[in-house]
Protein chains: 2
Amino acid sequence: MTNVLHHPSKEDITLPAVLGALGDETRLAIVSILSRHGESERNVTCSYFLNLGSKTALSYHIAKLREAGIINVRPDGTKRLLSLRRGDLEARFPGFLASVLSAAPAADEEVDA
Amino acid sequence: MTNVLHHPSKEDITLPAVLGALGDETRLAIVSILSRHGESERNVTCSYFLNLGSKTALSYHIAKLREAGIINVRPDGTKRLLSLRRGDLEARFPGFLASVLSAAPAADEEVDA
DNA sequence: CTCGATGTTCAATGAATGTTGAACTATTAC
DNA sequence: GTAATAGTTCAACATTCATTGAACATCGAG
């Protein structure tokens with residue numbers, strides 16, 4: 001059925017949805033870590049965050065971030081490549097993402113490498 | 001009992017708490033309206049927001065904003081004067097409040113004046 | 001002191017949230 | 001083909017969240 005992942009268009013990203021999505025430690029950590037991985041999607045998949053929770057929980061959180069318009073999820077084989085929607089967020093809420101990221105917790109990323 | 005309203009000190013304001021508090025339409029509207037009322041507390045009391053919900057609901061939301069460190073609540077007689085903690089928020093998360101406020105919904109403030 | 005106004009507290013309620021494990025789909029490797 | 005890998009979906013569950021109405025506390029005015 002809905003095999004296509006829905007992403008809100010830039011203009012459909014709303015502030016309450018973004019704030020709500022980021023108001024969770026796990027999701028904030030995902031975004032923070034994601035921001036430290038260069039521009040495009042680079043080998044950052046869902047399982048990259050398994051240290052933050054079970055794969056079911058991650059699926060849930062990542063869907064929330066996607067539906068809020070914060071991240072992009074692109075299927076690549078059996079994996080999903082994740083990336084921050086920096087441009088869209090900056091266009092929609094100038095300065096917002098930068099201020100959040102600069103204040104985001106150090107995010108002791110302990111990754112299963 | 002605890003007749004004194006607790007406000008977190010500047011350094012105890014955390015990003016997840018702030019994001020969580022702002023991830024609610026009613027509270028975002030309160031903050032938005034509050035930001036449009038000059039610097040200090042100026043005749044802006046809890047009942048100023050009665051168009052946004054019942055007084056019980058407002059008491060709840062205003063307490064949330066206070067506990068998150070977003071607003072200051074100063075008792076004045078039987079009223080409480082509300083004000084944004086602009087300085088503390090700016091010191092803690094530079095640029096954050098400005099970016100949120102500039103993107104916040106127009107806040108059709110219909111006040112019982 | 002009594003009244004009216006401003007808010008808070010409490011218990012109850014329903015909705016939304018986040019987590020889990022099992023089952024499932026889809027792709028890749030062999 | 002089978003098996004392994006990567007995620008999703010589902011039902012169940014516990015927790016938190018937001019709202020309501022009733023009762024209460026506090027202050028100012030008269």
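By convention in this document, chain letters (A, B, ...) are assigned in the order of the sequence lines, proteins followed by strands, and residues within each chain are numbered from 1. Side chains included, hydrogens not; waters and symmetry mates left out as well; all remaining heavy atoms used.
The side-chain heavy atoms of Ser59(B) and Arg80(B), taken from C-beta on, include no pair separated by under 4.5 Å. Residues Arg27(B) and Leu22(B) fail the side-chain proximity criterion, which asks for heavy atoms closer than 4.5 Å.
Mapping Gly23(A) and Arg66(B) onto DNA chain C by nearest heavy atom places Arg66(B) closer to the 5' end of the strand. Summary of the strand contacts: Leu52(A) and Thr45(B) both lie near DNA chain C, and taking for each the nucleotide with the nearest heavy atom, the more 5' one is attributed to Thr45(B).
Between His61(A) and dT19(C), a side-chain N or O to OP1/OP2 separation shorter than 4.0 Å is present. For Arg80(B), no side-chain nitrogen or oxygen approaches OP1 or OP2 of dT26(D) to under 4.0 Å. Contact between the side-chain N/O atoms of Lys64(B) and the OP1/OP2 oxygens of dC17(D) is found at a separation under 4.0 Å. Close to dT20(C), at under 4.0 Å from its OP1 or OP2, lies a side-chain N or O of Ser54(A). Checking the phosphate oxygens (OP1, OP2) of dA18(D), no side-chain nitrogen or oxygen of Thr26(B) falls inside 4.0 Å. An OP1 or OP2 oxygen of dT8(D) is reached within less than 4.0 angstrom by no side-chain nitrogen or oxygen of Thr56(A).
Distance OH (Tyr48(A)) to P (dG7(D)): 13 Å, rounded to an integer number of Å. The distance between atom CG of Asp76(B) and atom C1' of dA5(C), rounded to the nearest whole Å, is 14 Å. We find that CG of Leu58(B) is positioned 10 Å from P of dT20(D), with the value rounded to whole Å. Rounded to an integer number of Å, the gap from CD of Glu67(B) to C1' of dT16(D) is 14 Å. One atom, CD1 of Ile71(B), and another, P of dG7(C), lie 12 Å apart when rounded to the nearest Å. Rounded to whole Å, the distance from CZ on Arg74(B) to C1' on dT8(C) is 19 Å. Atom-to-atom, OH of Tyr60(B) to C1' of dG14(C) comes out at 13 Å; the value is rounded to the nearest Å. The CD1-C1' distance, from Ile62(A) to dG18(C), rounds to 15 Å in whole Å.
The nucleotide whose nearest atom lies closest to any side-chain atom of Ser59(A) is, among dG7(C), dC17(D), dT8(D), dT8(D).
Using a distance-only test at 3.5 Å, with no hydrogens or angles considered, a donor-acceptor pair links the side chain of Arg36(A) to the main chain of Ser32(A). Between the side chain of His7(B) and the backbone N or O of Arg66(B) there is no donor-acceptor pair closer than 3.5 Å.
Scanning atom types as modelled, one donor and one acceptor separated by under 3.5 angstrom connect the side chain of Thr78(B) and the base of dT6(C).
In this structure, Lys55(B) reaches the bases: a heavy-atom distance under 4.0 Å links it to at least one base atom across the strands shown.
By the criterion of side-chain heavy atoms lying less than 4.5 angstrom apart, applied directly or through intervening Ile, Leu, Val, Met, Phe, Trp or Tyr residues, Tyr48(A) is not grouped with Tyr60(A); the two fall into different hydrophobic clusters.
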